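Here the structure is a predicted model, which is why all the values come from computation and not from measurement.
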Amino acid sequence: MKKIVLILLTAALLLTAGCTTVPNRYQAQFLSLFDTVTTIVGYADSEADFSELAQSIHDELEIYHQFYDIYNDYEGINNIKTINDNAGVAPVTVDSRIIDLLLFSQDMYDKTGGSVNVALGSVLAVWHNYREAGIDDPLNAEVPPMALLEEAALHTNINDIVIDEQASTVFLRDSEMRLDVGAVAKGYAAERVISAIEASGVQSLLVSIGGNVKAIGQKLVAGSNGEKRWNIGIQNPDKTSEQTEILHLLIDGLSIVSSGIYERYYTVDGVRYHHIIDPATLFPADTFEQVTIVCADSGLADALSTAVFNMTLDDGRALINSLDGIEAAWVLQGGTLEYSAGFQALIAPD
C-alpha cells in the first residue's frame, strides 16, 4: 500500500443557513502514478474517512497505470508493454480497460485527422532515447536524424492494431510497431475512476494527475467572495517569467488539461526540443507554447490537448467549434493568447 500524505486544509465550519455542519477539507498527494504528482482535494467528516477515499482513488488509478505502462512488466498483468513485446508474434489477451482505451484512441485518431496517434510509439521511442541521452550529456546532445525518424514512421499505421473485442485480444500486425498511450492515458484513467467515485455519491472532489484536472461538483464552502466553483491556475509555459500562472479558471464538474513545451524537453545548440511530436513532421510541433482544453470528459480533454497542439490555429479552432461543450485556449509562440468562443466566460475575475 502506497503512503499518502494528508493535509487538513480547513477546520469544520458551521453554515448559517440551517446550521449545517460542513465536513473538513483535506488534501492528499502521492507520487507513484503515471510518473507525476497526483493531488486530491475533498471533504470528509474525519481524516480516516478522507484517507479511505483517497486510498481507493489511488488504488483504482494504480490499476490503470499498470495496464497502460509501456516500460514495465507487472506480475499477472498483460499491459501495453506486453502488447508491444508481442508485436507481429501473437494476439495478447488483455483487460477490457485496455480494449476500451484503444477503441477510444482509434476514434480520436479519426476525429482529429491523425493528429493524435497511439500507434506513433516507434517514432516517440526515437525521440525519447535522444532526449534522455541529451539530458544525461547536454554537451553532446543531438537531434534524431530524419532518416531514422522516417524509418520509424513506416510502422505507425493505426489500422495495424487488430482488436478482437469478443476474445478480448489485441494484436499488432507490424512487428516494428509500438503503442504509446501517453497522450490519452492519464485523462482517460481519471475520467473512469472519478466518474465511478461520483456515481458512488461523492458530491465534491478535485483530482489533479500531473495537471490533468477532473472536478466533481463545486466546493462545499464558498470563498470570501461567495464563489464555490473550483479555482484552477493554468501554468505559464514561460519558465523564465516571474508569473507562474497565466490565468485562473472557475469550473464546476469539468475537466481541464493542458499540453505544453515546459516539461520533458532537452536542448540542442540552443534550441529546445519538447516531447509533443507532430505525426505530420515527426518533429516537435512549434506553433504553440501551450494548449488548454476544458470539457466534461477528462479523456477527451487529454486527447484533444495533444491533437490541437499539433494543428494550426485555424484547424484547431475549427475542430473545437465542431464539438459541443468544449472550449480551448492557445498560447502562441511569444505568449499571445487565443480563445475559443466560450472560453473567456470560464476565466476568474481579477
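In this structure, E327 contributes its side chain and V294 its backbone to no donor-acceptor pair below 3.5 Å. N117 places a side-chain N or O within donor-acceptor distance of the main-chain N or O of T156, the cut-off being under 3.5 Å. The backbone N or O of G334 sits less than 3.5 Å from a side-chain atom of E289, completing a donor-acceptor pair. A distance-only check finds a donor-acceptor pair linking the side chain of T112 to the backbone of M108 [under 3.5 Å]. Between the side chain of Y273 and the backbone N or O of P284, no donor-acceptor pair lies under 3.5 Å. Counting only distance, with no hydrogens or angles, the side chain of S168 and the backbone of V94 share a donor-acceptor pair below 3.5 Å. The closest donor-acceptor contact from the side chain of W330 to the backbone of T287 lies at 3.5 Å or more, if one exists at all. For N78 (side chain) and T93 (main-chain N/O), a donor-acceptor pair under 3.5 Å exists by modelled atom type. A donor-acceptor distance shorter than 3.5 angstrom exists from the side chain of S195 to the backbone of E191, with no hydrogens or angles considered. Between the side chain of S204 and the main chain of Q218, a donor-acceptor pair closer than 3.5 Å is present.
Remark: of the listed residues V308, I326, D314, V308 is the sole one forming a side chain to side chain contact (heavy atoms under 4.5 Å, CB included) with L319. Screening N157, I163, N159 for a side chain to side chain contact (heavy atoms under 4.5 Å, CB included) involving I161 leaves a single residue, I163.
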How far apart are the C-alpha atoms of D110 and Q106, what are their side-chain angles, what is the distance that settles it, and do they pass the side-chain hydrogen bond (donor to acceptor under 3.5 Å, both in side chains) test? CA-CA 6 Å; D110 293 337; Q106 289 177 330; over 6 Å; no
Checking side-chain hydrogen bond (donor to acceptor under 3.5 Å, both in side chains) for the pair Y43/Q203: CA distance, chi angles, key distance, verdict? CA-CA 9 Å; Y43 300 84; Q203 297 179 337; over 6 Å; no
Report the C-alpha distance between V116 and N310 in whole Å, list the side-chain angles of each, state the deciding distance to 0.1 Å, and finish with yes or no for side chain to side chain contact (heavy atoms under 4.5 Å, CB included). CA-CA 8 Å; V116 58; N310 286 328; 5.9 Å; no
Given Y26 and N24, is the side-chain hydrogen bond (donor to acceptor under 3.5 Å, both in side chains) satisfied, shown in steps? CA-CA 6 Å; Y26 293 95; N24 294 324; 3.1 Å; yes
Any chance you could lay out the side-chain hydrogen bond (donor to acceptor under 3.5 Å, both in side chains) test for N79 and T82, step after step, and finish with the verdict? CA-CA 5 Å; N79 61 6; T82 314; 3.0 Å; yes
Chi angles and distances behind the salt bridge (charged side-chain N to carboxylate O under 4.0 Å, His left out) call for E338, R317: CA-CA 10 Å; E338 293 281 346; R317 198 191 300 274; 3.2 Å; yes
Decide side chain to side chain contact (heavy atoms under 4.5 Å, CB included) for F30 and I40; before the verdict, give the C-alpha distance in whole Å, the side-chain angles of both, and the deciding distance to 0.1 Å. CA-CA 9 Å; F30 36 86; I40 301 170; 3.8 Å; yes
Please evaluate residues D180 and L120 with respect to the criterion side chain to side chain contact (heavy atoms under 4.5 Å, CB included), reporting the C-alpha separation (whole Å), side-chain torsions for both, the decisive distance (0.1 Å), and the verdict. CA-CA 7 Å; D180 187 322; L120 197 68; over 6 Å; no
For N231 and H248: C-alpha separation, side-chain torsions, deciding distance, then whether side chain to side chain contact (heavy atoms under 4.5 Å, CB included) applies. CA-CA 6 Å; N231 189 315; H248 284 79; 2.9 Å; yes
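Using a 4.5 Å heavy-atom cutoff, the side chains of V193 and I57 are in contact. By the 4.5 Å heavy-atom criterion applied to side chains, V207 and V213 are not counted as neighbours. Using a 4.5 Å cut-off on side-chain heavy atoms (C-beta onward), L101 and Y68 make contact. Between R178 and H155, the closest side-chain pair of non-hydrogen atoms is not below 4.5 Å. Inter-residue side-chain proximity for V268 and Y266 is flagged as met; some heavy-atom pair is nearer than 4.5 Å. Side-chain atoms of I80 and F67, non-hydrogen and from C-beta on, never get closer than 4.5 Å to each other. With a 4.5 Å cut-off on side-chain heavy atoms, V41 and T39 count as touching. Side-chain atoms of L172 and N86, non-hydrogen and from C-beta on, never get closer than 4.5 Å to each other.
Taking CD1 from I98 and OG from S105, the interatomic distance works out to 11.5 Å, rounded to the nearest 0.5 Å. Taken from CD1 in I197 to CG in L53, the straight-line distance is 5.5 Å, to the nearest 0.5 Å. In this structure, CG on D315 lies 8.0 Å from OG on S115, to the nearest 0.5 angstrom. Taken to the nearest 0.5 Å, the CG atom of L282 stands 11.5 Å off from the CD atom of E151. To the nearest 0.5 Å, atom OG of residue S32 and atom CD of residue E62 are 6.0 Å apart. Taking CD1 from I209 and OG1 from T38, the interatomic distance works out to 5.0 Å, rounded to the nearest 0.5 Å.
Scanning both residues, A215 and L206, for their nearest heavy atoms gives CB-CD1, 3.7 Å. When all heavy atoms are compared, the tightest approach of T281 to M146 is O-CE, 3.8 Å. A pairwise comparison of heavy atoms in I293 and A328 identifies CD1-CB, 3.7 Å as the closest pair. When all heavy atoms of T292 and Q290 are compared, the closest pair comes out as OG1-NE2, 3.7 Å. Of all non-hydrogen atoms in A185 and D302, the two that sit nearest each other are N-OD2, 4.1 Å. Residue E176 comes nearest to S122 through the heavy atom pair O-CB, 3.9 Å, listed as atom of the first residue, atom of the second, then distance.
L304 and I277 are assigned to two separate hydrophobic clusters, defined by single-linkage of ILVMFWY side chains at heavy-atom distances under 4.5 Å. Residues L313 and I261 fall within the same hydrophobic cluster, defined by Ile, Leu, Val, Met, Phe, Trp and Tyr side chains chained together at heavy-atom separations under 4.5 Å. Under the 4.5 Å side-chain contact rule for hydrophobic residues, L337 and I232 share a cluster. V92 and I70 end up in the same hydrophobic cluster when Ile, Leu, Val, Met, Phe, Trp and Tyr side chains are linked at under 4.5 Å. Neither V257 nor M311 shares a network with the other; the hydrophobic side chains, linked directly or stepwise wherever heavy atoms of I, L, V, M, F, W or Y lie under 4.5 Å apart, form separate groups for each.
For W127 and F283, the distance between ring centers is under 6.0 angstrom. The aromatic ring centroids of Y188 and F104 lie less than 6.0 Å from each other. Two rings, from H274 and F309, have their centers less than 6.0 Å apart.
The aromatic rings of F343 and Y339 lie parallel to each other, with less than 30° between the two planes, well short of the 60° mark. Ring planes of H65 and F34: perpendicular class, angle over 60° (limits at 30 and 60°).
A cation-pi arrangement is found for R272 relative to Y265, the charged atom lying closer than 6.0 Å to the ring centre and inside a 45° cone about the ring normal.
With salt bridges taken as basic N to acidic carboxylate O contacts below 4.0 Å, one links K81 and D73. A salt bridge between E227 and K219 is absent, with no side-chain N of the basic residue lying under 4.0 Å from a carboxylate O of the acidic one.
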